[in-house]
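Data first, discussion second: the structure below is written as structure tokens.
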Amino acid sequence: MLSVQDTNTPVTFSPELISKFADVVSRYPVGKQKSALLPILHLVQAEFGWTSVPAMDKVAEYLSIQPIEVYEVASFYTMYFLKPQGKYMLEVCRTGPCEIVGASKIMDHIENTLGVKEGDVTPDGLFSWRGVECLAACGFGPVLQIGPEYTFYENLTTESVDKLIGDLKGKANN
Amino acid sequence: MARKLLLEHINVPGINTFDVYRSKGGYAAVEKALKTLSPDDVVEEVKKSGLRGRGGAGFPTGMKWSFLAKPEGVERYLVCNADESEPGTFKDRYLMTYIPHLLIEGMIVASYALGAKTSYIYVRGEMMPQIRILEKAIAEAKNKGFLGKNILGTGYDLELYVQPGGGAYICGEETALLESLEGKRGNPRIKPPFPAIAGLYGCPTVVNNVESIAAVVPIINEGGDEYAKLGIGRSTGTKLISAGGNLRKPGVYEIDLGLPVEEFLYSDEYCGGIANGKRLKAVVAGGSSVPILPANLFLKTINNEPRLMSYESLADGGFVSGTMMGSGGFIAYDEDQCIVRNTWNFARFYHHESCGQCSPCREGTGWMEKVLHRLEYGHGKMSDMDLLVDVAKKIEGNTICPLGDAAAWPVASAIRHFRDEFEWHVTHPNEATTRNFGIAHYADPLPKLEEAAS
């Protein structure tokens, strides 16, 4: 079960981020700016890595809605992180069609390689992982995705997972 | 080889760009509709085509459009449902990735038919790459005068936007999708009123699946009557099938409805048979929520007739011996797969995805998951199968939206057809955790009718 974790770190939205918010809001009729909530939470998460309570409060203020309207949405949808995650969050599809082509083995391998349980962050802050429900790529399983771009990795093997983790480590150290 | 209507140009290099798509006859349906047809003419062509909603329910698209209320001075909306999340289904992702302009073109024609001036494509949030692809395609189309003000000088204005979801299967249900598009939790609404009367922002709204919208393009280009000539009976046209599981050639295939399932499964033009030389044990024909069938009942109906890939033939025998076309999410299970484990996996999925509004679904999906978990891990009881059927029955039909049915059907059908395997898990608790039950009699020829009746 998700828990809303607070943080005292103040959050500032840059002018660039605010202008992205404004672009989203312009897609809806006047007075229906609440429709921008899901896209804006994605933008916030891409910027800060998760959706903290202070960030959600600022989003509420920006959209002229109550903070609870933001919390209830962020906690309903699975993509918003209510606590900090690793820089790279490996999300592995665990549903039927991926499972019958070996998703469990891939998740076991990731757990052993990273040395952390599902939902935990590696000590260097680089990685976390979790099983997620069907990612609509059932013909190319097992699959995993990594936000905030949600790049897709298909037909996974333990070797391709090792290479991916190695590449990401290299990328982070440069 | 059957003719392709949607994927004909899928392998043309650069077909994801406006110029290449246009050079292959793209956007001709927009020109034809906006310049030579009235909105009602377009609705009429879609009605004549017999097109049935490709998202899963199979409701006739033209009829859905004709229900749209058109009060004076009130906005109307078209919303495309691209929240593809039904396990086994990945056709919409494929279409949006490789030929995004087909969807944009369909959206323009459909919006014109419905009188919508603003339309949204609601894409599941995990498909951020596809969202970027669609936004680029929309910008290209707008730049060429196919979107925005006064399209092609016809006086018709249309703005098209892409909306990301947040990762919730339930938002594929049309009223939950509208709630989500309004920035709320994806709790399905009580119907009536239907979206055609009060949908997005309380205005008349049509919600259609990606593939349904894309199919409008060939329907307008060739005429509804021509489209209706393809297929079989009330299953007209072509359908995208997402083929996954233990297949030699998994992928997205466009078929003429009415293709024999045996040909689809085993011919090299399509799935190419079961991977690694194994035998077929079971099939889920239309996405995880439709009843699972053992190989013998899938390939032939109870009357020993070859089964076809059509809405009617797949449903032949009702839920006793048939299944459903659903969204076309085709999952093949080979002889090494465990039906109990798969049923538990699906039950976990529905429990995870239940929005929690209705008690039978919120509680029942959790109970089914727990009971199936204990069966899979060797702690089950003989009474568990009847318990599961009982819980499934009490969910089915007792919820606001069809997620309850979708959760109940796979469990009920697995026990109906694979009860031996469930019982084996109870009688062989230790073996059940180390090996699978195997294919047993599930691929044997069907008993003759008289034997089955006795």
Side-chain angles (χ1 to χ4, degrees), chain A residues 23-24 26-29 31-43 45-46 51 59 63 65 69-80 91 93-101 103-104 131-141 143 145 147-152 154-155, chain B residues 75 84-94 118 120 124-129 131-132 159 161-169 171 180-187 200-201 242-247 250-252 275 284 288 329 331 333-334 336-337 341-342 345-346 348-349 352-353 355:
Chain A
D23 177 54
V24 175
S26 73
R27 300 169 189 172
Y28 317 103
K32 304 296 182 192
Q33 76 282 0
K34 190 179 170 182
S35 279
L37 182 51
L38 272 74
I40 283 182
L41 286 176
H42 282 303
L43 291 170
Q45 182 155 300
T51 51
V59 169
L63 290 175
I65 57 178
E69 295 178 83
V70 183
Y71 306 160
E72 66 169 8
V73 161
S75 61
F76 180 87
Y77 296 94
T78 56
M79 291 179 74
Y80 305 116
E91 296 180 306
C93 176
R94 64 176 191 177
T95 316
C98 275
E99 171 64 22
I100 65 174
V101 290
S104 289
V132 293
E133 298 297 351
C134 189
L135 293 176
C138 317
F140 322 107
V143 297
Q145 64 178 12
E149 292 85 13
Y150 291 91
T151 320
F152 237 73
E154 302 174 339
N155 299 313
Chain B
E75 289 287 329
E84 181 172 60
S85 337
E86 172 88 357
T89 315
F90 50 101
K91 65 191 175 67
D92 298 340
R93 169 196 290 277
Y94 183 83
T118 310
Y120 298 96
R124 65 178 293 184
E126 289 92 340
M127 292 194 195
M128 286 295 174
I131 290 174
R132 291 191 288 271
E159 291 297 335
Y161 300 109
V162 184
Q163 175 85 356
Y169 169 74
C171 293
S180 181
L181 182 46
E182 291 181 4
K184 302 176 204 157
R185 297 162 71 93
N187 287 350
L200 183 63
Y201 310 130
S242 322
N246 305 119
L247 293 168
V252 175
V284 169
S288 62
I331 314 167
Y333 297 83
D334 71 23
D336 295 340
Q337 302 308 324
R341 186 171 183 80
N342 181 70
N345 185 296
F346 282 169
R348 181 181 66 181
F349 172 83
H352 184 264
E353 300 299 337
C355 80

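For the numbers below, each heavy atom of this structure counts, side chains included, while hydrogens, waters and symmetry mates do not. Every chain is numbered from 1 and lettered A, B, ... according to where its sequence line falls, protein lines coming before strand lines.
- Across B:G251, B:G245, B:A275, the residue that shares the most heavy-atom pairs under 4.5 angstrom with chain A is B:G245.
- When the candidates B:E182, B:E86, B:R341, B:R132 are compared by the number of heavy-atom contacts under 4.5 Å with chain A, B:E182 comes out ahead.
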Verify side chain to side chain contact (heavy atoms under 4.5 Å, CB included) between A:C134 and B:Y169, making sure each step is shown before the conclusion. CA-CA 9 Å; A:C134 189; B:Y169 169 74; over 6 Å; no
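- Taking OG1 of A:T95 as the start and NE2 of B:H352 as the end, the distance is 9.0 Å to the nearest 0.5 Å.
- In terms of heavy-atom proximity, A:Y80 sits nearest to B:G165 at OH-O, 4.2 Å.
- For the set B:A243, B:G125, B:G186, B:S288, the count of heavy-atom pairs under 4.5 angstrom toward chain A peaks at B:G186.
- Ranked by heavy-atom pairs under 4.5 Å with chain A, the first of B:G244, B:C171, B:P129, B:S85 is B:P129.
- Proximity to chain B (any heavy atom under 4.5 Å) is restricted, for A:S26, to the backbone atoms N, CA, C and O.
- Here the straight-line distance linking atom OH of B:Y201 with atom OH of A:Y28 works out to 6.5 Å at 0.5 Å rounding.
- Between A:P97 and B:P87, some side-chain heavy-atom pair lies under the 4.5 Å cut-off.
- Heavy-atom pairs under 4.5 Å with chain A peak, among B:E159, B:Q163, B:R348, at B:R348.
- Proximity to chain A is absent for every atom of B:S242, based on heavy atoms less than 4.5 angstrom apart.
- Within the model, atoms CZ of A:R27 and OG1 of B:T118 stand 13.0 Å from one another, a figure rounded to the nearest 0.5 Å.
- Within the 4.5 angstrom heavy-atom criterion, only side-chain atoms of B:Y161, from C-beta onward, approach chain A.
- Checked against salt bridge (Lys or Arg N to Asp or Glu O under 4.0 Å), B:E126 has the following partners two or more places apart in sequence or in another chain: B:R124.
- Comparing B:P250, B:S180, B:G166, B:G329 by how many heavy-atom pairs each has under 4.5 Å with chain A, the most go to B:G166.
- Side chain of B:N345 to backbone of A:R94: a donor-acceptor contact under 3.5 angstrom is found.
- Scanning all heavy atoms of the two residues, the minimum distance from A:Y77 to B:R185 falls at OH-C, 3.6 Å.
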Side chain to side chain contact (heavy atoms under 4.5 Å, CB included) for A:Q145 and B:M128? Distances and angles first, verdict last. CA-CA 10 Å; A:Q145 64 178 12; B:M128 286 295 174; over 6 Å; no
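- Because its NZ or CZ atom is both nearer than 6.0 Å to the ring centre of A:F152 and within 45° of the ring axis, B:R93 counts as a cation-pi partner of that residue.
- Smallest separation of non-hydrogen atoms from B:G167 and A:M79: N-SD, 3.7 Å.
- Taken to the nearest 0.5 Å, the NE2 atom of A:H42 stands 7.0 Å off from the CD1 atom of B:I131.
- Between B:K184 and A:K34 there is a side-chain heavy-atom pair separated by less than 4.5 Å.
- No side-chain donor-acceptor contact under 3.5 Å links A:S35 and B:Y120.
- One distance of note links CG of B:N246 with CD1 of A:I100; it measures 4.5 Å at 0.5 Å rounding.
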